[in-house]
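Beneath this line is the structure, given in structure tokens, with notes to follow.
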2 protein chains.
Amino acid sequence: MAEKLLQHIQKFIVLPEDTKPLIASSFIEMEAKKKHNLLENGQVCKYNYFVESGCLRLFFINDKGVEQTTQFAIENWWLSDYTSFAAQQPSSFYIQAVERSTVWALSWQAQEQLFFQFPPLERYFRLMYQRAYAAAQWQIKYIYDFSKEEIYQHFSAHFPGFVQRIPQYLLASFLGFTPEYLSEIRKKSIS
Amino acid sequence: MAEKLLQHIQKFIVLPEDTKPLIASSFIEMEAKKKHNLLENGQVCKYNYFVESGCLRLFFINDKGVEQTTQFAIENWWLSDYTSFAAQQPSSFYIQAVERSTVWALSWQAQEQLFFQFPPLERYFRLMYQRAYAAAQWQIKYIYDFSKEEIYQHFSAHFPGFVQRIPQYLLASFLGFTPEYLSEIRKKSIS
DNA sequence: CGCGACGTTGATTTGCCTCAACGATTGTGG
DNA sequence: CCACAATCGTTGAGGCAAATCAACGTCGCG
């Protein structure tokens with residue numbers, strides 16, 4: 001149980017055998033069908049999610065009623081609305097399964113207790129946040145640096161498999177433009 | 001010495017008296033004049049900077065030669081290019097003092113050694129990264145959610161003091177548009 | 001089979017940029 | 001302490017990337 005999660009943690013810190021049951025039992029295993037919402041706007045984001053398989057996305061709905069995806073998480077990535085999670089306040093985001101997904105959910109209380117029982121996990125999570133923050137710094141750089149067309153070219157060059165895997169309207173939403181414009185860009189790059 | 005830094009750490013974790021000299025001595029105090037670069041494109045980002053007073057910015061230069069500011073850090077905030085810092089690879093950013101600033105610099109090696117000597121600091125840094133990452137999630141949401149004009153209105157409503165404090169061309173660069181357009185927006189909101 | 005979700009195409013509009021020129025303010029050396 | 005230059009902010013004309021709107025083809029699913 002929780003093999004993938006434990007293996008992932010062990011890439012970053014040493015895990016004594018006897019801590020594994022403690023850790024595994026702190027998480028809740030969840031199965032989410034495609035399009036199922038793990039978090040809805042207005043709710044407190046109770047969990048930090050580790051994706052074992054499948055894909056989640058973080059999005060919000062703007063004042064025109066359009067869904068804006070700001071992040072995806074695939075296997076071995078964590079996802080949460082950390083503003084809501086850390087302060088246990090209502091979120092303005094949704095978290096939704098893009099595909100059928102298996103995730104391990106860690107509540108804020110369980111996380112705090114785990115840190116108390118096994119402090120080296122602080123290091124693991126420090127590294128995870130550091131990695132996530134570095135990725136966010138890059139995402140922001142991309143947005144400022146490139147035109148929409150360049151953003152698409154870079155992204156599809158770096159993550160060809162992922163581009164194939166998700167519907168185009170979600171990709172457009174994530175990259176910050178309309179499905180129509182994505183269509184136009186793709187037509188150009190084929191010919 | 002390093003009073004502000006130690007006080008800041010104590011807001012998040014308990015610091016025994018005898019650890020304070022150890023911590024303080026792991027940092028290098030630096031004074032930076034206005035426009036002085038603490039990091040330049042192509043160098044490894046050797047330090048994680050804590051701002052005691054003044055203001056730093058993180059920026060890069062795009063292919064048209066224009067400086068794009070992606071973050072500011074004022075008193076009690078940390079700043080670094082974490083992609084470069086964590087992997088000790090060359091950075092594609094600059095870090096520059098916006099005003100005369102006093103900062104405490106922590107090298108990657110010193111940071112690792114500190115974690116070894118006093119593990120509770122992992123928790124402090126986990127919380128700092130969590131906070132920084134949450135702020136980045138919000139920044140990304142803002143970029144997707146609002147028009148340039150709305151971004152300016154929100155920002156100047158939330159941080160009126162900061163808007164006064166820095167030159168307009170840096171604010172424009174940070175908010176993602178040209179100084180000319182900022183001028184236009186400001187004219188509109190006055191009348 | 002029929003409906004709804006998804007992708008495409010083209011016409012039109014617009015938010016914002018580019019470029020160029022000109023005041024205002026700052027600072028710096030003589 | 002003034003003169004001159006550099007930096008910074010403003011204004012306006014023109015242009016383009018990307019959005020909006022609307023219509024239509026296609027696929028998968030109940």
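Letters go in sequence order (proteins before strands), and every chain restarts at 1.
- Considering only side-chain N and O atoms, A/Lys35 lies nowhere under 4.0 angstrom from the phosphate OP1 or OP2 of C/dA5.
- Put simply, B/Lys64 has a side-chain N or O that comes within less than 4.0 Å of OP1 or OP2 on C/dT18.
- Atoms CG (B/Leu182) and P (C/dC16) sit 12 Å apart, rounded to a whole Å.
- Taking atom CD of B/Gln168 as the reference point, atom P of C/dT25 lies 13 Å away to the nearest angstrom.
- Each of D/dT11, D/dA19, C/dC16 was ranked by its minimum atom distance to the side chain of A/Phe177; first place goes to D/dA19.
- Look at B/Tyr169 and you'll find a side-chain N or O under 4.0 angstrom from OP1 or OP2 of D/dC8.
- The shortest distance between the side-chain N/O atoms of A/Thr178 and the OP1/OP2 oxygens of D/dA19 is below 4.0 Å.
- Distance CZ (B/Arg165) to C1' (D/dC8): 20 Å, rounded to an integer number of Å.
- Straight-line distance from the CD1 atom of A/Ile151 to the P atom of D/dA17: 15 Å, rounded to whole Å.
- Using modelled atom types, one finds a donor on one side chain and an acceptor on the other under 3.5 Å when comparing B/Tyr82 with B/Asn48.
- Distance from the side chain of A/Lys148 is smallest for D/dA18 among the nucleotides C/dT8, D/dA18, C/dG10.
- For the pair B/Lys188 and D/dT10, the criterion of a side-chain N or O lying under 4.0 Å from OP1 or OP2 is not met.
- Taking both residues in full, the closest heavy atoms of A/Leu15 and A/Lys20 are given as O-CE, 4.1 Å, listed atom of the first, atom of the second, then distance.
- Using modelled atom types, one finds a donor on one side chain and an acceptor on the other under 3.5 Å when comparing A/Glu31 with A/Thr102.
- B/Tyr152 has its OH atom 17 Å from the C1' atom of C/dC16, to the nearest Å.
- Note on B/Lys34: every side-chain N or O is 4.0 Å or more away from OP1 and OP2 of C/dG27.
- Between A/Glu184 atom CD and D/dA17 atom P there is a gap of 10 Å when expressed in whole angstrom units.
- Here B/Arg186 does not reach the OP1 or OP2 of D/dG9: none of its side-chain N or O atoms lies under 4.0 Å away.
- In this structure, B/Phe146 atom CZ and C/dG15 atom P are separated by 17 Å, rounded to whole Å.
- As rounded to whole Å, 14 Å separates atom C1' of D/dC8 from atom CG of B/Leu171.
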Criterion ring pair (Phe, Tyr, Trp, His ring centres under 6.0 Å) on A/Phe174 and A/Phe155, from CA distance to verdict: CA-CA 11 Å; A/Phe174 173 66; A/Phe155 192 82; 5.6 Å; yes
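- Nearest to the side chain of A/Tyr181, among C/dC16, D/dG9, D/dA17, sits D/dA17.
- Base engagement by B/Glu180 is indicated by at least one non-hydrogen atom pair under 4.0 Å involving a base atom.
- At a threshold of 4.0 Å, the pair B/Lys4-B/Glu29 does not count as salt-bridged, since none of the basic side-chain nitrogens sits closer than that to a carboxylate oxygen.
- Map B/Ser147 and A/Ile166 each onto its nearest nucleotide of DNA chain C; the residue landing nearer the 5' end is A/Ile166.
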